[in-house]
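Please read the structure below before turning to the comments.
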Amino acid sequence: MEQGTPGSGPVAQRAMAGRIPLAVVVVDGSGLVSHWSTGARRLFGYAKEAAVGRPVGDLLPVHGAIPDAAAPYGEYDGLGPDLETSLDGRISYPAAGRARLDEPGGGPVRRLDVLWWAYPLVGPGPERLLVLAADAAALTEAHRAEDQGEQGAQEDRAQETTSSRQWGSIAPGFALHTDFPGADRLADRLPEILPSMSVGESSRIVAQVLELGYPILEFSQHDRVPVTPDWGVARRAERKERRQRAEWAAAHGLPAVEATPDDEGDDIEYTAVRERLEFLNEVSGRIGSSLDLSQTIVEVSKAVVPRFTDVAGTYLREQVVAGEGFPDGVPDETTMWHRVALEHTDEPGRWDDVVPVGESMPFPAHTPFFQCMTSGDPVLVPRITEEMGNAIASQFEKRDIRPLINHRSMLVVPLKARNVVLGFMILLRHRERPVFNDMDRVTGAELAARAGLVLDNARMYTYQESVADTLQDSMLPHIQPRMPGGDIATRYLPGTLLGRVGGDWFDSVKLPGSRTALVVGDVMGHGLNSAAMMGQLRTAVQTMAALDLPPEQLLRNLDDLAQRLGEHYLATCLYAVYDPIASELSLANAGHIPPVLVRAADGRSELLDLPTGAPIGVGGVPFESVRVRVEPGDRLLMCTDGLVEVRGEDIGVGLATLTESAAHPAASMDDACDTIIRALNTRGGRKDDVALLMARLNGITAQDVAHWRLATGPGEVSRARALVGAQLRDWSLGALADTAELLVSELVTNVVRHSRSERLELRLVRSAVLMCEVEDDDHTLPTLMSAGGGDEFGRGLRVVSALAKEWGTSRTNAGKTVWFELPLPRR
């Protein structure tokens, strides 16, 4: 056996400089040593040639008694049961400890104080365990040199980094040198092995260690090695050091300023509390980085594994996940809890089939989960017994959860905010790890309280976002893709996430004569008030459009209405009426950006030159309408300024881009809208809502329209039936003749019997449907009535309502129109 003398010679010199030799041992899946560093030779006494390939249990003294809890630093022979379990592959989380060993060498036997850390390795390589060990005495000397401000220690500290400040809870940070085959691969995986270490940090450590030529342990009073699962172990070395300083001070006649054995109990309690506060502060800094509920849930789960627990399952009320409200009061056995996250250190996939994320289930009263969610207090189960495991497993049909939970320590903590339980977390520790205790219960409760507030903020934001989306969807119409003589496609894009509700809208309204009104408007501003104003204006436009008012008169009336609603809001509005039979557009503008017309003949697009007019709400400003001839296949594009306007850019640039993108050929109307959205959104800087309406104006040819002027006498009913039947047979629509003749006779009879009209006109229009219109000069609208068994009248419109696909009435300037539609037969 090759001898080494840890704590003396170059080792001690390095310790005084703030650097400690570190033993590095790597174990493969068969339990054989695959790497044995120079530091391991010095610390344990075996040469590399004698160590590599041997069972690790023959080289590391892992067997020994459990330490007396009262003994300082947990002194005992051997590296202890945690390391033994790690070497056997039964621990899947980082472990740490302290041991007293016989110092290698041929002289008198001396006891050596050793700190060790064990890290399970994952990945395709053969390495399965990384063991690090260091001489604690040399570390103490190095700390003392640092505290005394020696020049060499100061120079070393000036070169140290603070990359490991957030790693965990047990003394010094470290750097690692590996010289076995595959060392580069292991170095690349340092971020997987050591929590919170980035690729850049691992590269720095490896490069520095390779330059020095042997493994080292970097330290400072701020840097720490990654997590130890045993709360309270971290500061035991500090307590011994303070006691040694007190003894040294007493021997030199100096006043004692360090803790003494009399107050060691208080010191232990203080250290444990400080560690927990550091842990809670660290967790608080890692959660709540966004208002996204899903991301917040993942952050909460990852913050506690593996530092505080090995398994963390998070359950929330179903209403919380759905962004809905829920009833007041304490949850009961019918409350459904949705499993939203499961974080663990077990092998991948072990929990997925048994307790998959996304499952919802209730919990009966005999479970600790029910106790937690009804009391709002943490529930601590030191070990899950066979009986409790059976009770919990009964909730999982055809899935045996007992191997995953039995004999593990469990802590159930409520996630609540404002005294309302939103959910709970189930925390489990591996059997080899210390069980949860009362201090862990307090820590878990504080952790859950902080996480609950963060989740509640995310929940409220999600709920408000859902309300905003619902409100906006309810206010925007669901426009059919087909209109008489054309097609329609629409898009609505909300503005910023904090202003999802806005005042932009679009609409289409069916008018007499197979015409369609197309509307796009924009209430200035954002938020609920703007949305409410938009809803009122949109309803008013629909009502006035049904009166068949000319576009300029409709805007005039809308402006008067806005004046009566209040002076706080302005709105722009573009109103167009498309007549597919006359192939004509009639448009009026109230302060809105002009529409784009794309000509089908040559693909040319242009902004229509309309009198702009003043916004709705200004008052006292006249509006004008313009008539524009269109051809079959032309496309009309109407949008709000949010699509073309970007802060800091002239709106003319956006209008030019809109005109250019609208001219691009597309396979469908939806594709054309998407092309425009992509072209305008790539410029960035858009903050406003966007409403976009595109209409393809196919027109209705004269061959698809039949029009007759009838007399108002009773004999015209039979004539109307004959005219309709003959026309439908001429259009090869004889299958509709009987129904159409019946409904036409009812409408004509109503005019003849109940109106004082001197004019009666009948029109059939064949497009995507068969439309029939009966028009007279009486402004009184017919109403749907209930007819009794002996009533002579009141059945006509009920027949129309029962047989027609759609029907309606509307006033016109010259009287009224009653119409119905029948679907065309499938070919």
Side-chain angles (χ1 to χ4, degrees), residues 477-485 507-517 539 542-548 705-708 710 712 714 716-725 727-728 731 733-757 759-812 814-826:
H478 299 282
I479 296 178
Q480 295 297 321
R482 301 296 300 273
M483 66 178 182
D507 209 345
S508 70
V509 184
K510 185 179 295 186
L511 300 178
S514 299
R515 295 169 301 150
T516 303
T539 301
Q542 287 185 323
T543 303
M544 289 186 286
L547 299 176
D548 199 17
V705 179
H707 182 270
W708 302 278
L710 305 176
T712 57
E716 294 297 279
V717 175
S718 60
R719 179 175 175 235
R721 293 170 61 96
L723 291 172
V724 168
Q727 184 63 59
L728 291 181
W731 283 343
L733 297 177
L736 298 179
D738 290 344
T739 303
E741 289 178 21
L742 174 62
L743 299 187
V744 165
S745 67
E746 293 294 339
L747 298 186
V748 173
T749 299
N750 274 346
V751 175
V752 172
R753 286 188 175 184
H754 303 295
S755 72
R756 300 177 181 178
S757 177
R759 179 176 62 87
L760 175 59
E761 296 185 16
L762 172 64
R763 179 161 61 177
L764 290 181
V765 179
R766 180 181 60 175
S767 57
V769 295
L770 176 68
M771 175 174 282
C772 176
E773 296 177 326
V774 175
E775 183 176 343
D776 63 77
D777 54 11
D778 189 345
H779 290 276
T780 304
L781 298 180
T783 58
L784 191 63
M785 302 173 60
S786 296
D791 293 337
E792 183 178 356
F793 305 109
R795 295 182 177 84
L797 289 183
R798 296 188 66 84
V799 173
V800 175
S801 177
L803 298 181
K805 177 185 177 183
E806 288 186 44
W807 75 280
T809 64
S810 58
R811 286 190 174 92
T812 65
K816 68 174 179 292
T817 298
V818 184
W819 58 269
F820 67 83
E821 290 181 357
L822 294 176
L824 298 182
R826 293 183 178 181

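The heavy-atom pair separating Ala804 from Phe820 by the smallest distance is CB-CB, 3.9 Å. The two residues His754 and Asp778 have their closest heavy-atom pair at O-OD2, 4.5 Å. Here the shortest heavy-atom pairing between Ala740 and Val724 reads CB-CG1, 3.9 Å. Residues Gly485 and Ser767 approach most closely at N-CB, 4.3 Å, considering heavy atoms. The two residues Pro825 and Ala735 make their nearest non-hydrogen contact at CG-CB, 4.4 Å. Taking every heavy atom of both residues into account, Leu733 and Arg766 meet most closely at CD1-CD, 4.0 Å.
Look at Arg811 and Asp548 and you find no salt bridge, because none of the NZ, NE, NH1 or NH2 atoms lies under 4.0 Å from a carboxylate O.
We find the CG-CG distance between Asp776 and Leu710 to be 11.5 Å, quoted to the nearest 0.5 Å. Put simply, NE2 on His779 and CG on Asp777 are 7.5 Å apart, with the number rounded to the nearest 0.5 Å. Annotation: the span from Gln542 atom CD to Ser508 atom OG amounts to 9.0 Å, rounded to 0.5 Å. Atoms CG and CD, on Leu736 and Glu741 in that order, are 11.0 Å from each other to the nearest 0.5 Å. Distance check: Leu743 CG to Trp819 CH2 gives 12.5 Å after rounding to the nearest 0.5 Å. Taking CG from Leu760 and OG from Ser755, the interatomic distance works out to 8.0 Å, rounded to the nearest 0.5 Å.
Residues Leu770 and Leu824 have side chains in contact (heavy-atom distance under 4.5 Å, counting atoms from C-beta outward). Under the 4.5 Å side-chain criterion, counting only non-hydrogen atoms from C-beta, Leu781 is not in contact with Val818. Contact check for Thr809 versus Lys816: no side-chain heavy atoms found under the 4.5 Å cut-off. Side-chain contact between Val774 and Thr817: absent, with no pair of heavy atoms (C-beta onward) separated by less than 4.5 Å. Contact annotation: the side chain of Cys772 approaches that of Leu762 to within less than 4.5 Å [non-hydrogen atoms, C-beta and beyond]. Side-chain contact check for Thr516 versus Lys510: every heavy-atom pair is 4.5 Å or farther apart. Between Arg721 and Val744, every side-chain heavy-atom pair lies at or beyond the 4.5 Å cut-off.
For Arg753 (side chain) and Asn750 (main-chain N/O), no donor-acceptor pair under 3.5 Å exists by modelled atom type. Proximity of a side-chain donor or acceptor of Glu773 to a complementary backbone N or O of Arg763 within less than 3.5 Å is not detected.
Every residue two or more places apart in sequence or in another chain that forms a side-chain contact (heavy atoms from CB on, under 4.5 Å) with Ala706 is listed here: Trp708, Gln727, Trp731, Leu764.
When the shell of 6.0 Å around CD of Glu806 is examined, it contains more than 12 heavy atoms from other residues, nucleotides or ligands.
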task = Start with the C-alpha gap between Leu747 and Leu797, add the side-chain angles, then the distance that decides, and say whether side-chain contact (heavy atoms from CB on, under 4.5 Å) holds.
result = CA-CA 8 Å; Leu747 298 186; Leu797 289 183; 4.1 Å; yes
